[in-house]
Amino acid sequence: MTMDLFSQFASTTSLGIPLILLAMLAPWLLFPTYLGHWINNRLLTSQNWFLTMFTKQIFLPLNSPAHKWAFLLASLMAFLLSMNLLGLLPYTFTPTTQLSINLGLAVPLWLATVLLGFRNQLNHSLAHFLPEGTPTPLIPVLILIETISLFIRPLALGVRLTANLTAGHLLIHLISSAVSAIFSLSPSASLLTFTVLILLTVLEIAVAMIQAYVFVLLLSLYLQENT
């Protein structure tokens with residue numbers, strides 16, 4: 001039973017080749033491309049509106065040096081959002097339920113923000129490890145705590161995204177199995193369970209969108225600290 005629950009998170013293979021790469025490329029293939037016309041269609045207009053609104057929302061509190069990251073973070077938001085939502089379709093695979101994928105995205109971007117801070121404002125970045133006015137006996141302890149809190153940030157980014165998506169997929173799998181299992185015993189109870197399944201699916205769509213936004217928002221906050 002346990003293997004059946006978690007088998008949905010295993011990457012399928014075809015001819016010995018893992019299809020997780022295809023799942024990660026699929027979001028980019030679905031994005032519309034510009035046709036070179038003077039007037040865009042509704043899909044392109046909606047895409048431009050979303051990316052413009054998201055970029056303004058994320059980079060409004062940031063200073064101008066951080067605006068160089070606008071294209072990278074907007075692309076990351078579109079990538080995560082597409083993968084999270086496509087993973088809710090039947091017979092699909094969600095790469096963002098894999099901790100290795102999420103850490104592969106979180107660690108390099110977090111490390112880039114830290115190195116950027118050390119390069120541009122070394123004294124200010126080092127000052128975060130030791131607040132002003134700290135008693136002398138507490139200096140080693142506070143430095144250790146701040147160092148741990150710094151290195152735990154990418155782990156928290158990856159685990160948060162993985163745990164939220166995995167929990168939602170497991171709940172959908174369990175409730176959908178219960179609908180078919182109790183239908184022969186009590187159709188009314190099965191209908192009630194199916195209603196709960198629909199509501200849970202709507203909630204999971206919201207979670208998929210929110211978690212992609214939170215991932216990019218936290219990266220922007222780390223960037224704000226170091227610029």
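If you're wondering where the values come from, they're calculated on a predicted model, not measured in any experiment. Note: hydrogens, waters and symmetry copies are ignored here, and every other heavy atom, side chains too, is used.
Closest non-hydrogen pair, Leu80 versus Ala212, comes out as CB-CB, 3.8 Å. The shortest heavy-atom contact between Gly158 and Ala106 is N-CB, 4.4 Å. Closest non-hydrogen pair, Thr94 versus Gly87, comes out as OG1-CA, 3.0 Å. For Leu88 against Glu204, the heavy-atom pair with the smallest separation is CD2-CG, 3.4 Å. Met209 approaches Met77 most closely through the heavy-atom pair O-CE, 4.4 Å. Across Tyr222 and Leu157, no two heavy atoms sit closer than the pair CE1-CD1, 3.9 Å.
Criterion: ILVMFWY side-chain heavy atoms under 4.5 Å apart, direct or through other members. Under it, Leu150 and Leu109 are part of a common hydrophobic cluster. Linking Ile, Leu, Val, Met, Phe, Trp and Tyr whenever their side-chain heavy atoms come within less than 4.5 Å leaves Val179 and Leu185 in two separate clusters. Tracing side-chain contacts under 4.5 Å through hydrophobic residues (I, L, V, M, F, W, Y), one never reaches Ile152 starting from Leu115; they form parts of separate clusters. Connection of Val159 to Val216 is not established within any shared hydrophobic cluster, with ILVMFWY side chains joined at heavy-atom distances below 4.5 Å, either directly or through further cluster members. In the hydrophobic clustering of this structure, Phe54 does not group with Phe71; members are Ile, Leu, Val, Met, Phe, Trp, Tyr whose side-chain heavy atoms approach within less than 4.5 Å, directly or through other members.
Taking a 6.0 Å sphere around CZ of Phe194, one finds it holds 12 or fewer heavy atoms contributed by other residues, nucleotides or ligands.
Checking side-chain atoms of Asn102 against main-chain N and O of Leu161 turns up no donor-acceptor pair under 3.5 Å. Panel note: side chain Thr52, backbone Trp49; no donor-acceptor pair is recorded below 3.5 Å. Although no hydrogens or angles enter the test, the distance criterion places a donor-acceptor pair under 3.5 Å between the side chain of Ser220 and the main chain of Leu217. Between the side chain of Ser190 and the backbone N or O of Ser186, no donor-acceptor pair lies under 3.5 Å. The backbone N or O of Leu165 sits nowhere less than 3.5 Å from a side-chain atom of Thr97 that would complete a donor-acceptor pair.
The residue from Leu219, Thr113, Leu76 that alone fulfils the side-chain contact (heavy atoms from CB on, under 4.5 Å) condition with Trp69 is Thr113. Among Leu200, Thr201, Val196, the single residue meeting the side-chain contact (heavy atoms from CB on, under 4.5 Å) criterion with Leu171 is Leu200.
When side chains are defined from C-beta on, Trp110 does not count as touching Leu218, because their heavy atoms never get closer than 4.5 Å. Two residues are said to be in side-chain contact when any heavy atoms from C-beta on lie closer than 4.5 Å; Arg160 and Phe215 fail this criterion. Taking the side chain as every heavy atom from C-beta outward, Leu199 and Leu203 never approach each other to under 4.5 Å. Using a 4.5 Å heavy-atom cutoff, the side chains of Leu116 and Arg119 are in contact.
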Inset, instruction - Could you check Thr162 against Thr96 for side-chain contact (heavy atoms from CB on, under 4.5 Å), going step by step and ending with a plain yes or no? - result: CA-CA 6 Å; Thr162 303; Thr96 44; over 6 Å; no
